[in-house]
Amino acid sequence: MNDTLLRAFTAASPRLTPPATPWRSTLIHLGVLALWIVLFSRAFLQGPQMGRGGHEVWSWSVGVAYVLYDTVLLFFVGWQTLALLRPAVRAAGAAPARRRTLCVIVEAHNEGAVLPATL
């Protein structure tokens with residue numbers, strides 16, 4: 001591969017040149033990490049000095065936080081995938097817009113017999 005092509009490939013590849021992480025994403029991840037640390041430490045590292053019923057409340061809070069986090073994550077993924085279902089809007093007189101597509105890569109070495117069922 002010539003040097004120019006290799007440089008162009010490296011610059012265009014998100015795997016070889018990953019984009020910078022937005023500060024909002026870092027803030028969200030650090031906030032979730034801090035929440036998990038607090039909840040797990042309160043639920044599992046506190047001794048019997050918490051009093052009657054206090055330990056169970058913190059243990060349940062870990063499960064509730066996990067369910068809420070997963071629910072929000074599922075709604076976010078669903079919201080982001082709605083763009084694939086919406087028809088493309090085009091201006092008057094503009095060329096037809098390309099329809100958004102979704103690509104799935106399936107590894108299928110020597111799997112010709114079951115590939116139609118997989119797809």
Side-chain angles (χ1 to χ4, degrees):
M1 191 180 287
N2 75 28
D3 193 42
T4 306
L5 185 59
L6 182 60
R7 276 187 273 130
F9 174 70
T10 303
S13 171
R15 184 177 55 87
L16 298 176
T17 310
T21 303
W23 66 269
R24 291 175 292 186
S25 296
T26 303
L27 186 64
I28 289 169
H29 283 72
L30 289 176
V32 169
L33 178 63
L35 175 67
W36 284 122
I37 289 171
V38 168
L39 291 177
F40 272 92
S41 67
R42 295 288 297 173
F44 299 113
L45 300 179
Q46 295 293 323
Q49 74 273 13
M50 290 184 69
R52 185 177 181 139
H55 191 69
E56 291 83 11
V57 169
W58 286 105
S59 297
W60 273 95
S61 67
V62 173
V64 170
Y66 181 74
V67 168
L68 289 175
Y69 177 76
D70 279 353
T71 304
V72 169
L73 188 62
L74 284 171
F75 277 116
F76 175 76
V77 170
W79 181 262
Q80 293 298 316
T81 12
L82 284 177
L84 293 173
L85 302 175
R86 291 187 195 120
V89 179
R90 65 179 174 136
R98 289 185 51 193
R99 183 180 170 107
R100 295 179 186 204
T101 60
L102 176 68
C103 176
V104 177
I105 298 174
V106 179
E107 185 175 343
H109 180 70
N110 293 333
E111 296 292 333
V114 295
L115 195 56
T118 301
L119 299 176

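Atoms considered below: every heavy atom in the structure, side chains included; atoms not considered: hydrogens, waters and symmetry mates. Just so you know, residue 1 is the first one in the sequence shown, and it goes up from there.
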A.B. asks: To the nearest 0.5 Å, what is the distance between CG on Leu33 and OG1 on Thr26?
C.D. replies: 12.0 Å
A.B. asks: With ILVMFWY side chains joined below 4.5 Å, transitively, what does Leu27's cluster contain besides itself?
C.D. replies: Trp23
A.B. asks: Ignoring hydrogens, what is the shortest heavy-atom contact between Thr10 and Thr17? Give both atom names and the distance.
C.D. replies: O-OG1, 2.5 Å
A.B. asks: Which heavy-atom pair separates Ala65 from Leu35 by the least distance, and what is that distance?
C.D. replies: CB-CD2, 4.4 Å
A.B. asks: Apply side-chain hydrogen bond (donor to acceptor under 3.5 Å, both in side chains) to Arg24 and list each qualifying residue two or more places apart in sequence or on a separate chain.
C.D. replies: none
A.B. asks: Pair up each side-chain donor or acceptor in residues 66-84 with any protein partner under 3.5 Å, not counting sequence neighbours, and list the distances.
C.D. replies:
residue: Tyr66; atom: OH; partner: Asp70; partner atom: OD2; Å: 3.3
residue: Thr71; atom: OG1; partner: Val67; partner atom: O; Å: 2.7
residue: Thr81; atom: OG1; partner: Val77; partner atom: O; Å: 2.4
residue: Thr81; atom: OG1; partner: Gly78; partner atom: O; Å: 3.1

